[in-house]
Amino acid sequence: MAVRNISAGREVQEAIRKEIPNAKVDAMELDLSSSSSIKDFALKFNHSNHPLNLLINNAGVMATPFILSKDNIELQFATNHIGHFLLTNLLLETMKKTVHESGREGRIVNVSSRRHKFSYPEGIRFGRINDESGYKSLLAYGQSKLANVLHANELSRRLKEDGIEISANSLHPGAIATNLFRHFSIVTGIIDVLGKHILKTVQQGAATTCYVALHPHVKGVTGTYFSDSNIAEPSLQAKDIELAKRLWDFSSTLIHQSDP
């Protein structure tokens, strides 16, 4: 388990072990908003000799006030997209090695959101990622979730081009009763009262992620967007091949700029 709060992660680790005594679970610290934390984690994991069959990019923050990450990138874009982009790149060779040695398909899953359909008009504000004056928290969230879908699509294209048996897909998990809405006190209040009646439980919300990561029916499926454990239709911007390529180059540039 890659967790930002290592003490909370270890509590979950112990809870899993109590429920499933034979489970082999490790907790490692990872802050997706910090490139240095991502690089430290990847270095430790790549030297751990653990196999890597599945990578689920699930970390997320939603509709935060305008904040810059430790690498001076708008926090939602930094955490929800750039962090996953860098982590995936750094773990990819280990995943390729696992695929080769195990003879089993590798799977990369980006947890996006239906909010990817509600980004800024231009989709990705390449020249204005850190523009506080034009910042809209929900549109910025949509932008980061659009980036999740575009990232999976472009990664899928590159892996297929190289003949590597690793799929890359994205999904909408559904509206789930979690603390993701903590920056909206009114919404949080409504969720506390009505959440159990109108929102998915955590287990229900994880169902599509587990389906895309594990189900035999998804074998060989790549560059696809899912919702409710079915193939779904993403936005037109999410299907834009040139936008995906431009985002890949832009993300690579941002990562290099954050290098010491």
Side-chain angles (χ1 to χ4, degrees), residues 1-6 8-9 12-13 16 20 23-33 37-38 41-42 44-46 48 50-62 79-99 102 104-116 144-145 147-156 159 164-174 176 178 180 200-232 234:
M1 300 185 301
V3 294
R4 184 172 56 84
N5 185 328
I6 194 65
V12 173
Q13 178 183 1
I16 292 172
I20 310 170
K24 296 179 181 179
V25 185
D26 292 323
M28 294 175 63
E29 187 172 3
L30 173 61
D31 180 354
L32 266 295
S33 69
S37 175
I38 296 165
F41 170 87
K44 291 174 184 175
F45 185 89
N46 288 335
S48 70
H50 286 311
L52 182 60
N53 298 93
L54 307 173
L55 175 60
I56 299 173
N57 291 318
N58 183 59
V61 292
M62 179 180 177
T79 305
N80 299 353
H81 168 61
I82 292 295
H84 292 137
F85 180 85
L86 175 59
L87 179 67
T88 302
N89 284 357
L90 294 177
L91 296 180
L92 200 53
E93 288 305 314
T94 295
M95 179 169 270
K96 290 177 183 178
K97 181 173 180 283
T98 301
V99 168
S102 68
R104 300 179 64 182
E105 175 189 61
R107 297 188 186 183
I108 297 170
V109 181
N110 281 359
V111 179
S112 179
S113 165
R114 68 180 297 274
R115 289 292 314 184
H116 84 269
S144 70
K145 296 287 102 180
N148 291 153
V149 183
L150 292 169
H151 171 220
N153 291 351
E154 176 61 10
L155 179 58
S156 169
L159 290 168
I164 298 168
E165 196 181 0
I166 298 175
S167 66
N169 294 297
S170 57
L171 62 91
H172 168 53
I176 310 166
T178 68
L180 193 61
K200 291 183 177 182
T201 64
V202 171
Q203 289 79 6
Q204 291 168 335
T208 301
T209 302
C210 292
Y211 175 78
V212 177
L214 300 168
H215 204 284
H217 287 174
V218 186
K219 180 175 172 56
V221 178
T222 187
T224 303
Y225 175 74
F226 291 81
S227 181
D228 290 325
S229 299
N230 282 287
I231 293 174

Practice problem: Report the C-alpha distance between V99 and I166 in whole Å, list the side-chain angles of each, state the deciding distance to 0.1 Å, and finish with yes or no for side chain to side chain contact (heavy atoms under 4.5 Å, CB included). | Solution: CA-CA 8 Å; V99 168; I166 298 175; 3.8 Å; yes
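- With K145 as the fixed residue, the side chain to side chain contact (heavy atoms under 4.5 Å, CB included) test singles out one of M62, H116, H81: H116.
- Within 6.0 Å of the CZ atom in R114, the count of heavy atoms belonging to other residues, nucleotides or ligands does not exceed 12.
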Self-check item: Trace of the side chain to side chain contact (heavy atoms under 4.5 Å, CB included) decision for L30 with L87
Solution: CA-CA 10 Å; L30 173 61; L87 179 67; 4.0 Å; yes
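- Under 3.5 Å, the side chains of S37 and D31 contain no donor-acceptor pair of N or O atoms.
- Residues S112 and V149 meet the side-chain proximity criterion, which asks for heavy atoms closer than 4.5 Å.
- Ring pair F45/F41 is parallel by interplanar angle, where below 30° counts as parallel and above 60° as perpendicular.
- Qualifying side chain to side chain donor-acceptor pair (under 3.5 Å) partners for N58, counting only residues two or more places apart in sequence or in other chains: none.
- In this structure the side chain of L54 never reaches within 4.5 angstrom of the side chain of V109, judged on heavy atoms.
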Quiz item: Yes or no on side chain to side chain contact (heavy atoms under 4.5 Å, CB included) for R104 and E165, after CA distance, side-chain angles and deciding distance?
Solution: CA-CA 8 Å; R104 300 179 64 182; E165 196 181 0; over 6 Å; no
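- Side chains of T94 and N46: a donor on one and an acceptor on the other come within 3.5 Å.
- Listed by first and then second residue, the side chain to side chain donor-acceptor pair (under 3.5 Å) pairs that reach into residues 83-93 are N57-T88, E93-K96, sequence neighbours excluded.
- Scored by the salt bridge (Lys or Arg N to Asp or Glu O under 4.0 Å) test, K97 finds E101 as partners (sequence neighbours excluded).
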